[in-house]
Amino acid sequence: MSKNLVIVESPAKARTIEGYLGKDFVVKSSYGHVRDLPKDDMAIDIQNGFRPIYEVTPDKRQVISELKKLVKESDVIWLATDDDREGEAISWHLKEALGLKDDTKRIVFHEITKKAIQNAIESPRLIDIDLVNAQQARRVLDRLVGFELSPVLWKKIKSGSSMALSAGRVQSVAVRLIVEREREIDGHNTKSSYKVTAQFIVDNGKILNSELPKNFSTLDEARAFLDKCREAIFTIRNLETKPAKKSPAPPFTTSTLQQEASRKLSFSVLQTMTLAQKLYESGKISYMRTDSISLSQEAIDKAKQAITSDFGEKYVHTRQYKTKSESAQEAHEAIRPTDFSVKTAGGDRNEQRLYDLIWKRSIASQMADAQLERTTATIGISTTPEELIAQGEVIKFDGFLKVYLESTDDEDEESKGMLPPLSIGQVLNLDQMKATQKFSRPAPRYTEASLVKKLEEMGIGRPSTYAPTISTIVKRQYVIKEDRPGKERDFKELILKQGQIQEKTGKENYGSEKAKLFPTNMGLVVNDFLVEYFEGIVDYKFTANVEKEFDEIANGKVGWQDMIQNFYGDFHRNVETVQGATLTGSKPGSRDLGIHPESGKKVSARLGKYGAYVQIGEATDEDKPQFANLKKDQLIESISLDEALDLFSLPREVGFFEDKPMVIGIGKYGPYVKHDDKYVSLSKDDDPYTVTAERAVELIQQKRIENISESIGEFEGKLITTGKGRFGPYVKHDEKYISLPKGEFPAGLTLERAIELIQQKRLTESNKYIREFPENPAVKVVNGMYGPYLAIGKRNIKIPKDVEPASLTLEDCLKLAGDTGGDEKPKAKKGTKAPAKSTVAAKKTAVKK
DNA sequence: CAGTGAGCGAGCTTCCGCTTGACTT
């Protein structure tokens, strides 16, 4: 009986598969990639065919050493990493790192079913070195681009270790999309037109809504039309009923899951992925990082069963969806429940909500089309050839909509409702007709999820990187995700009622944004720089083009080094040129705004180390130039001279309080009110440029209240006091301090609330220590944020999953401490700095062993 | 705790893609 070791990428997958394979098989996981280029060194021998110098990733050393042990004990090794470019490379790296033979068995499967695994075991192949080379080309290209481009930004735009700038094939395009969308919106020319709608009352008091297919471009035209309708007779000229159908959407991929969870549940892409990961680890859903929309036959059969038992057989319509995406690699199934008969996922509320979404979408994908009937009524007007149109929709058979209709949070599909009974020739009674001014809208700003959608459409990035890419561009402060209030505008409306036309002006709010991505000044500057000097890299088609070349490598038609050489020549020359050149034109991120009307000095907006600012005068002037920061949200490229000069109105006196002046300013720690030599920070919602004296007084008084400690009552015979200390506002009772939760202040704190907080704190305290030992008070079993751990003196030791923390004895604890005890190696100090790196990393070829 | 931005230059930073568990009041 031979012993088998199967290596997959994910531990959850390993657990499942082990169950399918029986006793002779041990299934372990590599936890993703095990070797990579070192983090802080180019590690590519450019002179020698771009030879990459890999190392076992530090956090994978243990994985590798454990796998090595198992390899020794096994007769047959099966490399079962994902069936895509990265997966093939992981197998190859495993082979190299574990010292396996070239003929090690490589197996692949696209679904985690017993049958699929057994089939795979029956038809092993060898590692596909061409595919591995395509991955190496991808890796080397990304490293070259990232590690040569980023330093150009440090040199030409801003350097500094905190919030370092960076550029890369994926992130820079993501930023570009956001920047260009913002400019599109900025340049949008709002046009208005007048939309005509009419409401009729039919025999039995029911209402018929209709509209004119065309809009009028001016108020006068709209008025002329309504004028004609004043005395008109309205007749049904035509009634047409057509069957229609709606089909369900395919089951989720990573990207569509992120979009839907964003729209329906308002989750961020990171939140969605974290929840999905939990569902995956607890065995509730299939793998969540996938670009495939197909389901295993087994899953389809199970879905069919579930639909039949829940809704009946006529609701079943199984389908196999095929991806339209060229970049899809389809190593996994679409995202689906592992068991369709399970409707609850356990875990917290949001896990359940996400699971519900996945369940519904997967089930719906295997359900019948909805059958509809659309009725169109054409309404003639006796005084003009124009016609009004009324449309209604009736669901004849709900099909998959049954699953969606159950959901309360589905609002994207507004149903049109039914038309009242009508007949041709019927004369209608006009209740009122309106011509309402409508404004054209610019393209919408990106949300995280719509950005992911766009990137996916362009074939940029992978399911595993969508969420991290967004984190990167936010962390670099190229973009910011936030809400912004809208503006108000007037709109005109003409109303025809009882033969009279009335003109009305209404107000509407427009342009308010929620959780949208906006470019920052830094994002604009870095993007413009890259577009100007490295257009080839931030070109939207760059990834698509290199992907084609990677495919050729994978097909064995092109050598990977040749491909990289071909790319690198021009790219590197360009890097050198831009590095060395004094940039033509003005410094990136600088813009002249005009002349200061009083002093005649030049006014300019620039990007500095601390952000964007406006400067009056030149550094070379006799007297020093004056500076002022731009407000949050103000962009260098769009600030006007007036807005810029307005920034110099700080610090300003807003008024007096208790005979002393209050001064508003902006300091190192943000906007403040200074009064009686004491500073009070403004709140986030206060604009220092417009804040009033009343508000300033309020802030000063609020601060006083917070700082004064006062007793608010007694509890268990001891005083409860509130106050503000080093760590913020607190409640104190029995010599113990409790920090107030965010948003709560001592000022409004009731005795009841204070007692609640004290009891809450006791509860968590009592839950915290799972076990204590009177014999040895230094040893405790503690419930920590990341699970139970053992605290012995100053050391903390994680308690293994298979140990029940509540039943540990003191001896167990000491043993646990002894097992994992002490031999922590001090990290080898990073070598004293190597001689200055030449521009290329040729030197690093010196063997690393 | 309540000012800084240029320039002089050393020394710091960085990519994309695959995975989860390490941080502990």
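Numbered from 1 within each chain, the chains take letters A, B, ... in sequence-line order. What you see is a predicted model, and the numbers here were worked out from it, not measured in a lab.
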Touch check for [X], heavy atoms < 4.0 angstrom, all strands: base, sugar-phosphate only, or nothing?
X: Pro151(A); answer: base
X: Gly87(A); answer: nothing
X: Arg35(A); answer: nothing
X: Asn629(A); answer: base
X: Val170(A); answer: sugar-phosphate
X: Arg85(A); answer: nothing
X: Ala167(A); answer: sugar-phosphate
X: Gly32(A); answer: base
X: Ser166(A); answer: sugar-phosphate
X: Tyr280(A); answer: sugar-phosphate
X: Gln171(A); answer: sugar-phosphate

Nearest to the [X] side chain among [options], which nucleotide is it?
X: Trp154(A); options: dT20(B), dT13(B), dC16(B); value: dT13(B)
X: Arg138(A); options: dC15(B), dT19(B), dG17(B); value: dG17(B)
X: His33(A); options: dG17(B), dG21(B), dT13(B); value: dG17(B)
X: Pro11(A); options: dG17(B), dT14(B), dT20(B); value: dT20(B)
X: Ser159(A); options: dC16(B), dT19(B), dC12(B); value: dC12(B)

(request) Using the side-chain hydrogen bond (donor to acceptor under 3.5 Å, both in side chains) rule, take Arg606(A) and Ser604(A) through it: C-alpha gap first, then chi angles, then the decisive distance, then the call. (result) CA-CA 6 Å; Arg606(A) 304 177 187 189; Ser604(A) 55; 3.2 Å; yes
[N] [atom2] sits how many Å from [X] [atom1], rounded?
X: Phe147(A); N: dG17(B); atom1: CZ; atom2: C1'; answer: 14 Å
X: Arg139(A); N: dC15(B); atom1: CZ; atom2: P; answer: 10 Å
X: Leu647(A); N: dT4(B); atom1: CG; atom2: C1'; answer: 15 Å
X: Lys158(A); N: dA6(B); atom1: NZ; atom2: P; answer: 12 Å
X: Gln626(A); N: dG3(B); atom1: CD; atom2: C1'; answer: 14 Å
X: Ile90(A); N: dC16(B); atom1: CD1; atom2: C1'; answer: 13 Å
X: Met662(A); N: dA2(B); atom1: CE; atom2: C1'; answer: 18 Å
X: Ile537(A); N: dC16(B); atom1: CD1; atom2: C1'; answer: 14 Å

Distance test, side-chain N/O of [X] to OP1/OP2 of [N], below 4.0 Å:
X: Arg289(A); N: dT20(B); answer: yes
X: Gln277(A); N: dT20(B); answer: yes
X: Ser30(A); N: dC18(B); answer: no
X: Ser464(A); N: dG17(B); answer: no

Side-chain H-bond candidate by donor/acceptor type, [X] with [Y], under 3.5 Å:
X: Ser91(A); Y: Thr81(A); answer: yes
X: Glu330(A); Y: His110(A); answer: no
X: Thr290(A); Y: Ser292(A); answer: no
X: Thr543(A); Y: Arg169(A); answer: yes
X: Glu456(A); Y: Ser255(A); answer: yes

(message) Is the shortest side-chain heavy-atom distance between Leu149(A) and Phe571(A) below 4.5 Å?
(response)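 With C-beta onward as the side chain, the pair touches.
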(request) Using heavy atoms to find the nearest nucleotide of DNA chain B for Gly160(A) and Arg462(A) separately, return the residue whose nucleotide is more 5′. (result) Gly160(A)
(request) Take Gln329(A) and Gly611(A), find for each the nucleotide of DNA chain B with the closest heavy atom, and name the residue whose nucleotide sits nearer the 5' end. (result)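 In this pair, the answer is Gly611(A).
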(request) May I ask you to verify whether the side chain of Arg143(A) and the base of dC16(B) hold a donor-acceptor pair under 3.5 Å? (result) no
